[in-house]
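Notes for the one structure printed next.
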Amino acid sequence: MALAVGAGDFAGLARYGLFGGLGHRDYLRWAEEQLTALHRQGLEVHLRVLEADDFEDYCEALGLDPRMPAARVAYAGDPELAGEPFVYAGERLAELLPVLMDDHRARLRMSVACAALLDAVGDDPAGQGRMAAVMRYVTSVYLALAEGAGEGCHLLTLRCHGPEDGEELTSAVDVRVEDGRLHPAGRDTEAFCVTLAAGVASGGAGALLLHGDPSAGGGADASPGNPAGRPAGDAPARPPVRGWALDGGRLRPMTAHEVFDELADDAARGLPFPPGVDPRPGFPLPGFPGPRGGGGPLG
C-alpha cells in the first residue's frame, strides 16, 4: 500500500482522481481505518511512500495511466524497491508516518548508492565477486567502528563522491551499543554500508565522522579507573568526535585538527557545528584486503 504522506505529494496526485475527492486529513484518516481493518484480519501489509514525481515517472516509464487504480497498485508493489518491505504492525498513523518517512529517505539513499556501486564494480560475474568483497570489507569497518565507539548511542556520518566529479553521496546512522551488544539500526545501517561501499569501490574521496554519545563521557578512551572517560574534577567530559578520510577508496584515520576542519566544513555546508565537542584522531580500522590496483582498491 502506497501512502501520500506529504501534503505537496497529495496535492500533486489528487488531480489524477486517486483519492476520491478527499482532503489530505480525511485521506489519512481513511488510510488508517483501512490499515487497521487489514491488520485485524491478520493480513501482512507492506507500506511505501507515494511521491508525486516518482509516481509520474514510474507511470511514464511503464506506459501506465496514472488515473487507473492498476498504476497505483503496480507502484506500491514494485519489486525494485530497495531492501526488505516496511511492514505495518498496527501502529497509529501519527506515530507511523515519521518512521515511514525515515525509512523512505534511507531507501532513496540506498538506491542511489547501489547504482553508484554497480557502476563501479560492473554487472558481469567478476563484478559480483568484487561487490561481495567490498561489502564484506565495509561490514568489518562498521563493526570495528561500533566496537571502538563503546557503550552508548553514537552517530556515524558519511559523505563521499567518485574520483571524476561523481555525485556526492551522504548517509548517517545511529550506532547503539548496550552491554557490549550492537543493536541493529535497520535500513539506515544498510544505506550507510552501501554508501561506504560505493565510495570504496569507486576509489572515491570523502569523510567519515563518529560522534560519541554525549551521555557516555569519553567513549573509547574510558579506562577501568575512569569508566566514564571523564577528566579530573567534576567537569563533564566533552563528547568526542573522531574521523577518517576516504582517499582513493581507502580509509585512513584523521588527525584531531583534520576532524575539527571537517566539522567546520560541514558547518559551511549548512550543518550545525556540534557544541562542546572534543575532536580526536580516528583509531585504526581494517584495511581493504588485497593489493592496490589501478584507479581504486578493486582495480
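Predicted, not measured: the structure shown is a model, and the values here were computed from it.
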Out of curiosity, Arg136 CZ to Cys193 SG, how far, rounded to the nearest 0.5 Å?
-> 14.0 Å
For Asp174, what residues pass the side-chain contact (heavy atoms from CB on, under 4.5 Å) criterion, not counting sequence neighbours?
-> Cys153, Leu155
Joint hydrophobic cluster, Leu47 plus Phe19, side-chain heavy atoms closer than 4.5 Å | yes
Pro239 to Gly212 - nearest heavy-atom pair and separation | CB-O, 3.8 Å
Evaluate the side-chain proximity of Phe55 to Val49: yes if any heavy-atom separation is below 4.5 Å, no if none is.
-> no
Between Tyr75 and Ala2, which heavy-atom pair has the shortest distance, and what is it?
-> CD2-CB, 4.2 Å
Would you please test Thr157 and His211 for side chain to side chain contact (heavy atoms under 4.5 Å, CB included) and show each step?
-> CA-CA 8 Å; Thr157 62; His211 298 252; 3.9 Å; yes
Residue pair Phe288 / Leu251, side-chain heavy-atom distance below 4.5 Å = no
Below 4.5 Å, heavy atoms only, C-beta onward: do Leu50 and Leu3 meet side chain to side chain?
-> no
Side chains of Cys160 and Thr195 in contact at under 4.5 Å (non-hydrogen atoms) | yes
When you measure from the side chain of Tyr137 to the backbone N and O of Val200, does any donor-acceptor pair fall under 3.5 Å?
-> no
Using side chain to side chain donor-acceptor pair (under 3.5 Å) as the criterion, list what pairs up with His24, not counting sequence neighbours.
-> none
Any side-chain heavy-atom pair from Arg238 and Arg280 closer than 4.5 angstrom?
-> no
In terms of the angle between their ring planes, are Phe283 and Trp244 parallel, tilted or perpendicular, with boundaries placed at 30° and 60°?
-> perpendicular
For the residue pair Arg252 and Glu258, establish whether any side-chain heavy-atom pair is separated by less than 4.5 Å.
-> yes
Using atom types as modelled, flag every donor-acceptor pair under 3.5 Å from a side chain in residues 91-104 to any protein atom, sequence neighbours excluded.
from	atom 1	to	atom 2	distance (Å)
Glu91	OE1	Ala89	N	3.0
Arg92	NE	Glu32	OE2	3.0
Asp102	OD1	Arg105	NH2	2.7
Asp103	OD1	Arg187	NE	2.8
Asp103	OD1	Arg187	NH2	3.0
Asp103	OD2	Arg107	NE	2.8
His104	NE2	Glu51	OE2	3.1

Sequence neighbours excluded, every pair satisfying salt bridge (Lys or Arg N to Asp or Glu O under 4.0 Å) that has a member inside residues 193-212 = none
At their closest point, which heavy atom of Ala74 faces which heavy atom of Leu64, and how far apart are they?
-> CB-CD1, 4.2 Å
Asp124 meets the salt bridge (charged side-chain N to carboxylate O under 4.0 Å, His left out) criterion, sequence neighbours left out, with Arg130
Residue set satisfying side-chain contact (heavy atoms from CB on, under 4.5 Å) with Leu182, at least two apart, ordered chain then number -> Tyr142, Leu143, Ala146, Val175, Val177
Taken to the nearest 0.5 Å, the spacing of Thr255 OG1 from His257 NE2 works out to 6.5 Å
Apply salt bridge (charged side-chain N to carboxylate O under 4.0 Å, His left out) to Arg109 and list each qualifying residue two or more places apart in sequence or on a separate chain.
-> Asp188
So, for Ala144 and Leu285, which heavy atoms are closest and what is the spacing to 0.1 Å?
-> CB-CD2, 4.0 Å
Are Leu13 and Val73 in one and the same hydrophobic cluster, where Ile, Leu, Val, Met, Phe, Trp and Tyr link if side-chain heavy atoms are under 4.5 Å apart?
-> no
Do the side chain of His154 and the main chain of Asp213 share a donor and acceptor less than 3.5 angstrom apart?
-> yes
So if you build clusters from Ile, Leu, Val, Met, Phe, Trp, Tyr with side-chain heavy-atom gaps below 4.5 Å, do Leu158 and Leu169 land together?
-> no
Sequence neighbours excluded, which residues qualify as side-chain contact (heavy atoms from CB on, under 4.5 Å) partners of Asp65?
-> Arg67, Met68
Look up atom CG in Leu145 and atom CG in Leu209, then write down how far apart they are to the nearest 0.5 Å.
-> 11.0 Å
Same cluster (ILVMFWY, side-chain, under 4.5 Å), Leu108 and Leu196 = no
Pair listing, side chain to side chain donor-acceptor pair (under 3.5 Å) test, anchored in residues 4-22, at least two apart = Arg15-Glu56, Tyr16-Glu56
Is the number of heavy atoms from other residues, nucleotides or ligands within 6.0 Å of CD (Glu178) greater than 12?
-> yes
Distance in Å, Glu190 CD paired with Ser171 OG, rounded so as to fall on 0.5 Å steps | 11.0 Å
To the nearest 0.5 Å, how far apart are CD in Glu151 and CZ in Arg181?
-> 10.5 Å
Glu33: what forms a salt bridge (charged side-chain N to carboxylate O under 4.0 Å, His left out) with it, not counting sequence neighbours?
-> none
Do you know which two heavy atoms are closest between Ala191 and Ala106, and how far apart they sit?
-> CB-O, 3.7 Å
Partners passing salt bridge (charged side-chain N to carboxylate O under 4.0 Å, His left out) against Asp54 (at least two apart in sequence or in another chain) | Arg48
Between Leu210 and Ala149, which heavy-atom pair has the shortest distance, and what is it?
-> CD2-CB, 3.9 Å
Please check if Val134 and Val112 belong to a single hydrophobic cluster, counting links between Ile, Leu, Val, Met, Phe, Trp and Tyr side chain heavy atoms closer than 4.5 Å.
-> no
Do Leu208 and Phe192 touch side chain to side chain, with heavy atoms closer than 4.5 Å?
-> yes
Tell me, please, which residues at least two apart from Ala256 pass side-chain contact (heavy atoms from CB on, under 4.5 Å).
-> Pro281
Pairwise distance CG(Leu118) to CD(Gln128) - rounded to 0.5 angstrom | 9.5 Å
Atom CZ of Phe260 with >12 non-hydrogen neighbours under 6.0 angstrom = no
